[in-house]
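See structure below.
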Number of protein chains: 2
Amino acid sequence: MTTRWLTSDEQRAWRAYMAATLLLEDTLDRQLQQDAGMPHLYYSILANLSEAPQRRLRMTDLAERSKITRSRLTYAVARLEKDGLVRREQCPSDRRGSVAALTDEGVAVLERTAPGHVETVRASLFDRLSPEQVGQLEEICARIAGGLVGGAQDGGGPEDVPWKRRSTPCP
Amino acid sequence: MTTRWLTSDEQRAWRAYMAATLLLEDTLDRQLQQDAGMPHLYYSILANLSEAPQRRLRMTDLAERSKITRSRLTYAVARLEKDGLVRREQCPSDRRGSVAALTDEGVAVLERTAPGHVETVRASLFDRLSPEQVGQLEEICARIAGGLVGGAQDGGGPEDVPWKRRSTPCP
DNA sequence: CGATCTTGGTTCAAGTTTGAAGCAAACCTA
DNA sequence: TAGGTTTGCTTCAAACTTGAACCAAGATCG
């Protein structure tokens, strides 16, 4: 079948999308490298951890929430552990598993750097969009994310399947 | 001054944004690595080149259009040159400069792989959005990109300053 | 002109990411 | 309960990225 090329509307949107995502990620990386000594992704790993009950999460859970591969997470956590921001613990209920736990120092770093980070996100994004646009952005991104498999490529549908999902860190 | 944290609307939008961009970039990287043997960014460098007059561009121009640093581009072009998809030429008008030129083989690779790539972009993005959403996405992304400095961080405003800008590859 | 500044691009070293391969514990299943 | 499969996570080697340092050629200016 002959290719359905992008319409010119779609092309413009696609170019804008690529530019925006590249530039924004770059901005955030620079800001956080500057102020927190880590790339954006690492910061968001810490942030994810900080929201979990007990501030700890199984590696695979954390990878899934962070939308990255387990391998990538392993290296990231190793670095954060070396910096004392995260501690790896044995999972008591599954001897294969390990749990990443945010340390007090990790919490402190987060508390210290969060304001500057939020400020950057505001300045680059939210302060430049109308409230309607914020809503549209969420809707659009949710739609995109919903269509793409996350973490392990088990090929599940868009809807969550609770019974295939790990729950609390270590019950 | 006390931090203006994100509202819950903004938080939802921000989470969705991070998920969507990470997952989409991952999808495209995987698809293109598979089908073209290169990451998405490298493909887009080739695409940018293919649209330039003469299919050639000064390195700094190309970096600017690709929204990446000159350093990153240097390495990328080195790799693409090793693969025979791009050729580096001396810039005749400025002996410091070099020009990246898409080779015939580069064109061929692009022609061979573009359909699959467009298909992936469609499947992940455009076929999941309404036409209005495509318009909104463009508007939003243009707004974001417009607010962020590109390439060299010379701190210019959002508006283009034509007299600071290189033009044709080598006049 | 000659000293200095700027620009275009590369290089270096360190850090990050990737995908495949590896390993051990847990989970079947006969 | 032994054998095979799956799951959870790490490790390996190769690729990619980063930001600072570097170098040479243009531009400026006294």
Side-chain angles (χ1 to χ4, degrees), chain A residues 22 25-34 37-45 57-64 66-83 86 88-100 151-154 164-166 169-170, chain B residues 22 25-34 37-45 57-64 66-83 86 88-100 151-154 163-166 169-171:
Chain A
L22 272 168
E25 192 55 15
D26 230 57
T27 300
L28 297 180
D29 271 338
R30 240 196 308 282
Q31 183 262 316
L32 282 167
Q33 193 68 55
Q34 180 77 30
M38 67 184 81
H40 179 214
L41 185 78
Y42 288 33
Y43 178 92
S44 83
I45 289 172
L57 236 30
R58 289 286 296 266
M59 291 296 276
T60 298
D61 269 341
L62 183 50
E64 220 163 273
S66 307
K67 311 300 182 202
I68 61 177
T69 62
R70 294 200 290 302
S71 172
R72 193 177 180 182
L73 181 63
T74 294
Y75 283 105
V77 165
R79 198 268 222 190
L80 292 170
E81 183 167 40
K82 190 163 61 58
D83 294 351
V86 161
R88 259 188 188 91
E89 296 170 356
Q90 259 272 353
C91 175
S93 68
D94 183 338
R95 233 172 321 172
R96 289 168 302 180
S98 59
V99 176
Q153 54 276 42
D154 328 88
K164 286 189 72 178
R165 185 169 283 296
R166 273 164 314 294
C170 276
Chain B
L22 273 168
E25 191 56 15
D26 230 57
T27 300
L28 297 180
D29 271 338
R30 241 197 308 281
Q31 183 264 316
L32 281 167
Q33 193 68 54
Q34 181 78 29
M38 67 185 79
H40 178 216
L41 186 77
Y42 288 32
Y43 178 93
S44 83
I45 289 171
L57 237 30
R58 289 285 296 267
M59 291 295 276
T60 298
D61 270 343
L62 183 49
E64 222 163 272
S66 307
K67 310 302 182 202
I68 60 176
T69 62
R70 295 200 291 300
S71 171
R72 193 176 180 182
L73 181 62
T74 294
Y75 284 104
V77 165
R79 198 268 222 186
L80 293 170
E81 184 166 40
K82 190 163 59 58
D83 293 351
V86 161
R88 259 188 189 92
E89 297 170 354
Q90 259 274 350
C91 175
S93 68
D94 184 338
R95 234 172 318 174
R96 289 168 303 180
S98 58
V99 176
Q153 54 275 44
D154 327 271
W163 57 83
K164 286 190 72 177
R165 184 169 285 294
R166 271 162 318 290
C170 276

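Order of the sequence lines fixes the chain letters, A, B, ..., with proteins taken first and strands second; residue numbering starts at 1 for each chain.
Projected onto DNA chain C by closest heavy-atom contact, Arg88(B) and Met38(A) fall at different nucleotides, the more 5' of which corresponds to Arg88(B).
For the pair Met59(A) CE and dT7(D) C1', the interatomic distance rounds to 15 Å; values are reported in whole Å. For the pair Arg58(A) CZ and dT10(D) C1', the computed distance is 14 Å after rounding to whole Å. Note: CD (Gln34(A)) to C1' (dA20(D)) measures 13 Å, nearest angstrom. Regarding Glu25(A), its CD atom lies at a distance of 14 Å from the P atom of dT16(C), rounded to whole Å. Asp83(B) has its CG atom 10 Å from the P atom of dA15(D), to the nearest Å. In this structure, Leu73(B) atom CG and dG19(D) atom P are separated by 15 Å, rounded to whole Å. Between the C1' atom of dT18(D) and the CG atom of Leu22(A) lies a distance of 15 Å, rounded to the nearest Å. At whole-Å resolution of the value, CG in Leu57(B) and P in dG9(C) are 10 Å apart.
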Practice task
Quick one: do Asp94(B) and Arg58(B) satisfy side-chain contact (heavy atoms from CB on, under 4.5 Å)? Show the steps, please.
Solution key: CA-CA 10 Å; Asp94(B) 184 338; Arg58(B) 289 285 296 267; 3.9 Å; yes
Problem - Full working for side-chain contact (heavy atoms from CB on, under 4.5 Å) between Leu41(A) and Arg72(A) - result: CA-CA 10 Å; Leu41(A) 185 78; Arg72(A) 193 177 180 182; 3.4 Å; yes
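Across all their heavy atoms, Ala76(A) and Ile45(A) have their closest contact at CB-CD1, 3.7 Å. What you find for Met59(B) and Thr74(B) is that their closest heavy atoms are CE-CA, 4.0 Å.
Distance from the side chain of Arg79(B) is smallest to dC16(D) among dC16(D), dT11(D), dG9(C).
Using a 4.0 Å heavy-atom distance criterion, Ser98(B) is classed as a sugar-phosphate-only contact.
Contact between the side-chain N/O atoms of Arg70(B) and the OP1/OP2 oxygens of dT7(C) is not found at any separation under 4.0 Å.
From Glu25(B), atom CD reaches atom CD of Glu25(A) across 10.0 Å, with rounding to the nearest 0.5 Å.
A donor-acceptor pair is defined here as one N or O able to donate and one able to accept, closer than 3.5 Å; no such pair exists between the side chain of Asp29(B) and the backbone of Pro39(B).
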Fill in the blank from the handout: Per-nucleotide protein contact along nucleotides 17-29 of chain C, 5' to 3', at a 4.0 Å heavy-atom cut-off (B base, S sugar-phosphate only, - neither), is BBB-----BS---
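Counted within 6.0 Å of CD on Gln34(B), heavy atoms from surrounding residues, nucleotides or ligands total 12 or fewer; the atom is thus considered open.
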